[in-house]
Amino acid sequence: GMLRSGWRPVLTVLGLAGRDPDEEIAKLGLSMLAAQLEPIMTQVNGDKEAREKTLQGVLLDERFVDVVDALLIYVDGPHEDMSLKCIDHLFTLSSFLADESYSLPLIKKRGGLVRSSSHDDLDGAAVPNAGPENEELELWWPILLGISKAVGDNRRKVRTKCLEVLSKIITTYFFPDEETANDVEKRERQIQLLQLIFRGILTPILEFAEVEVGAFRSPPLPDDYDRFLTGMKQGETKGASPKSQGSWLDTTYDQFFDTCVSISLKASAAFGEDVLLEEIFAMLNSCLLSDSGRLAVQGLRRLEHLLAADLKADRINDDTWATVSHMLRRCLTVRCLPKSPKGGSQTTSADGKDTSTDTDEDEQFQEAVREFVAEDKMLCHRRYIGSNAVMVMGSFLESERFSETLGWRWRLFLMNGLGKAIRDWERAAMFIEKHSTASSPTANPTNPPNYLENAAYGRKYMIRFLLQIAAKKEMAPAAEEGSRQASAQNFVKDQTQHLVAAFLRQEALVSQGSPSVTDTKVYGRLTLLLKHMFAGYDMIPEEQLAQMSWLDPSLMPCISTKNEVIRSAIQNLIQKLHFEKTPDAVASENPDEESRVEEPDQDGKGDGDKAPLPEEAQDEQQPQPEEPATVHEVSEKQ
């Protein structure tokens, strides 16, 4: 350690020995490197009397980053026991760097000389600008970024230990003491430092989940998802996908997010506010936007766990739901789904063929459809995202835990998004069926779920939401235009009408000659859904149904159905809607009478209700809620 010059080539040679497949050579190199570090290691781990680093020579004083580089080569090397030992050495160097009884190593020997460390621009992450406040961070950066990179190691023990050490370094040396927490300027600087660590150190770790071989295995489906068209592949299961022994997603993903959430919660306790929660949402959003359907599904389920288990209910506010709602709606969209041409008159015939009076726009539209089908075939695992997003959305909308914080504004926003997604899934299925029969009649070997199965699954949840709203006593009487009650009634009417129209269209297809197997199965599924919806409406008390004449126009078209069971059910329901009203019911519809039905209070609650009533009236015909100042503005991929 007393050598005055020539350390760089020595450290380079000793470090490169860590890559040698011969274990004896690697051991010899590590022992020589450790011998040079031993005096400092002893001081850091033992008696800490006031002494400066320069007393131990120039190794750490002038070549600190080169020492870190050499140790990281061993961490990345083929010998697991040496990798684990060097991770411990890196933590010891962190303790050395944080100990105020030592002076900082030199960052640059001469002004304008650019350091040639391999960590100057590792993975495109820029080291913070030099300055009195950032000099120490420039020394921390190679350690933090090097360990971050090692979290992607293909050996489970190595990446697990790296993640543990990285968490220990951040929580031990980058959280404020009492003096810093009370000083406004220092407090703000510390918050910015933690945000920088999240964005530059922790977030890049997710790249390992996206590029690993197992990232494109079939993702799991919800437990209540029914593959009535495609069936299950041999060995495929619902709920949880088969786990691989060495898969990063299966073994490290949850541990990684547990670490990040733990750091975020500790920061919230230290600073008294959720200063890092937006970073967690940004990391989850990057998962949801990934081309890997499996990573996106993992992100959705982790998002559900974050709100249901990690965060306290009183820490979830309207800004939180604004961020979460936009993330979920984005997951419901079908990427690159072609839009109908604006020029001319675009229509879709009963057999799924598109007609347009504008030839040029029609050709562009058909080209967009072909590109969509080709991309969907390559990224077919993204079909799993929609059903999982519906499941997560349902858990939020139906949970008592969120009954107070998830207001009507965002409930309606999510349910309207689901209604649009159902129509998009049906269009996507039409495009794929049309082009697969024309160009590639063979089935996709990965057997992803059919978009029509996603649409049926979404309709099942939509019916549950409709019945929950319609069952509220406050929703029955006729409402004033523009009121919160009117927005709920309009939503129920519109979505009921969409389901009835979809059933009648499918019935017309099945009635034409020899229907396809797919058309027959979809018709059967829509019949079951319609029966379930009518049975739900039928369970509403007759006195309440008698006040719901506003639902009549949405149901009347179904009278023309050829299905006797459905026709009988709809006739019975319409009869109840026109049931002779009691005097109390008549008085409740008369605005001049004092017995008028009580409007919802400010909290959106009525007598006897367990779920919150609307807070703001909005529907598909009214402007959608503007994006407020959210906890984090979620970035969107182009």
Side-chain angles (χ1 to χ4, degrees), residues 198-199 202-203 206 209-210 219-220 222 253-254 256-257 260-261 264 274 276-311 313 315-337 379 381-399 401-402 405-422 424-425 454 458 461 465 618 624-638:
F198 258 83
R199 297 168 190 175
L202 295 175
T203 300
L206 287 172
E210 192 162 6
Y253 180 87
D254 286 332
F256 166 70
F257 262 102
C260 294
V261 171
S264 174
D274 294 325
L276 295 178
L277 184 58
E278 63 180 72
E279 305 300 332
I280 299 293
F281 281 128
M283 295 168 71
L284 287 170
N285 189 61
S286 67
C287 295
L288 304 186
L289 297 176
S290 168
D291 286 338
S292 167
R294 190 156 168 261
L295 178 57
V297 170
Q298 288 271 84
L300 277 167
R301 299 195 172 197
R302 187 67 212 194
L303 175 64
E304 180 185 17
H305 187 273
L306 175 68
L307 270 67
D310 292 333
L311 297 179
R315 304 301 291 267
I316 302 174
N317 53 33
D318 192 68
D319 285 346
T320 306
W321 285 118
T323 300
V324 172
S325 297
H326 284 91
M327 291 170 66
L328 287 176
R329 277 201 62 159
R330 193 169 293 115
C331 290
L332 294 172
T333 61
V334 181
R335 185 182 294 183
C336 299
L337 182 68
L379 302 176
H381 284 164
R382 290 197 61 83
R383 295 192 199 177
Y384 290 81
I385 300 174
S387 59
N388 281 278
V390 172
M391 178 193 69
V392 173
M393 180 189 304
S395 71
F396 291 156
L397 294 176
E398 297 175 343
S399 174
R401 173 180 169 84
F402 308 121
T405 58
L406 180 53
W408 173 251
R409 180 188 191 188
W410 298 114
R411 289 177 183 270
L412 187 61
F413 182 74
L414 289 172
M415 291 186 291
N416 279 331
L418 177 57
K420 181 180 183 301
I422 291 170
D424 287 346
W425 289 332
N454 280 357
Y461 271 83
F465 302 151
Q618 295 188 27
Q624 291 293 328
E626 297 181 0
E627 295 189 23
T630 63
V631 177
H632 174 77
E633 294 187 3
V634 182
S635 60
E636 185 173 9
K637 279 189 177 179
Q638 299 298 324

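- The CE atom of Met327 sits 8.0 Å away from atom CG of Leu289, with the distance rounded to the nearest 0.5 Å.
- Taking OG1 of Thr333 as the reference point, atom CH2 of Trp425 lies at 9.5 Å (rounded to 0.5 Å).
- Among all heavy-atom pairs drawn from Ala389 and Cys331, the shortest one is CB-CB, 3.8 Å.
- Closest approach of Leu300 to Leu288, counting heavy atoms only: N-CD2, 3.5 Å.
- In plain terms, the two heavy atoms of Leu397 and Arg411 that are nearest each other are O-NH1, 2.9 Å.
- Scored by the salt bridge (Lys or Arg N to Asp or Glu O under 4.0 Å) test, Arg302 finds Asp258, Asp310 as partners (sequence neighbours excluded).
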Problem - Evaluation steps, side-chain contact (heavy atoms from CB on, under 4.5 Å), between Phe465 and Leu414 - result: CA-CA 11 Å; Phe465 302 151; Leu414 289 172; over 6 Å; no
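- The ring pair (Phe, Tyr, Trp, His ring centres under 6.0 Å) test applied to Tyr461 returns Tyr457, not counting sequence neighbours.
- Side-chain contact annotation: Arg383 with Asn454, donor-acceptor N/O pair under 3.5 Å absent.
- Among residues two or more places apart in sequence or in another chain, the ring pair (Phe, Tyr, Trp, His ring centres under 6.0 Å) test is passed with Phe257 by Tyr253.
- In this structure, Asp254 and His305 have side chains that are not in contact, with every pair of non-hydrogen atoms separated by 4.5 Å or more.
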Practice task
Please test Leu306 against Leu311 for side-chain contact (heavy atoms from CB on, under 4.5 Å), starting from the C-alpha separation and ending with a verdict.
Solution key: CA-CA 6 Å; Leu306 175 68; Leu311 297 179; 4.1 Å; yes
Handout entry: Val324 vs Trp410, side-chain contact (heavy atoms from CB on, under 4.5 Å): CA-CA, chis, key distance, verdict
Key = CA-CA 9 Å; Val324 172; Trp410 298 114; over 6 Å; no
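- Remark: side-chain polar atoms of Asn388 are not paired, donor with acceptor, to backbone N or O of Gly299 under 3.5 angstrom.
- Leu303 is listed as a side-chain neighbour of Leu328, based on a closest heavy-atom distance under 4.5 Å.
- Pairing each heavy atom of Arg335 with each of Ser290, the nearest pair is NH2-O, 3.9 Å.
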Exercise for the section: Would you please test Arg330 and Asn285 for side-chain contact (heavy atoms from CB on, under 4.5 Å) and show each step? Expected result: CA-CA 10 Å; Arg330 193 169 293 115; Asn285 189 61; 3.9 Å; yes
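- With sequence neighbours left out, the side-chain hydrogen bond (donor to acceptor under 3.5 Å, both in side chains) criterion links Arg199 to Glu279.
- A donor-acceptor pair under 3.5 Å is absent between the side-chain atoms of Arg294 and the main chain of His381, judged by distance alone.
- Remark: Thr320 OG1 to Leu406 CG distance equals 11.0 Å, nearest 0.5 Å.
- The nearest pair of heavy atoms linking Cys260 to Met283 is SG-CE, 3.5 Å.
- Of all non-hydrogen atoms in Ala313 and Arg401, the two that sit nearest each other are N-NH2, 3.6 Å.
- In this view, Phe396 and Trp321, Phe402 satisfy the ring pair (Phe, Tyr, Trp, His ring centres under 6.0 Å) rule, not counting sequence neighbours.
- The side-chain hydrogen bond (donor to acceptor under 3.5 Å, both in side chains) test applied to Ser395 returns Glu304, not counting sequence neighbours.
- Residues Met393 and Arg329 have side chains not in contact (no heavy-atom distance under 4.5 Å, counting atoms from C-beta outward).
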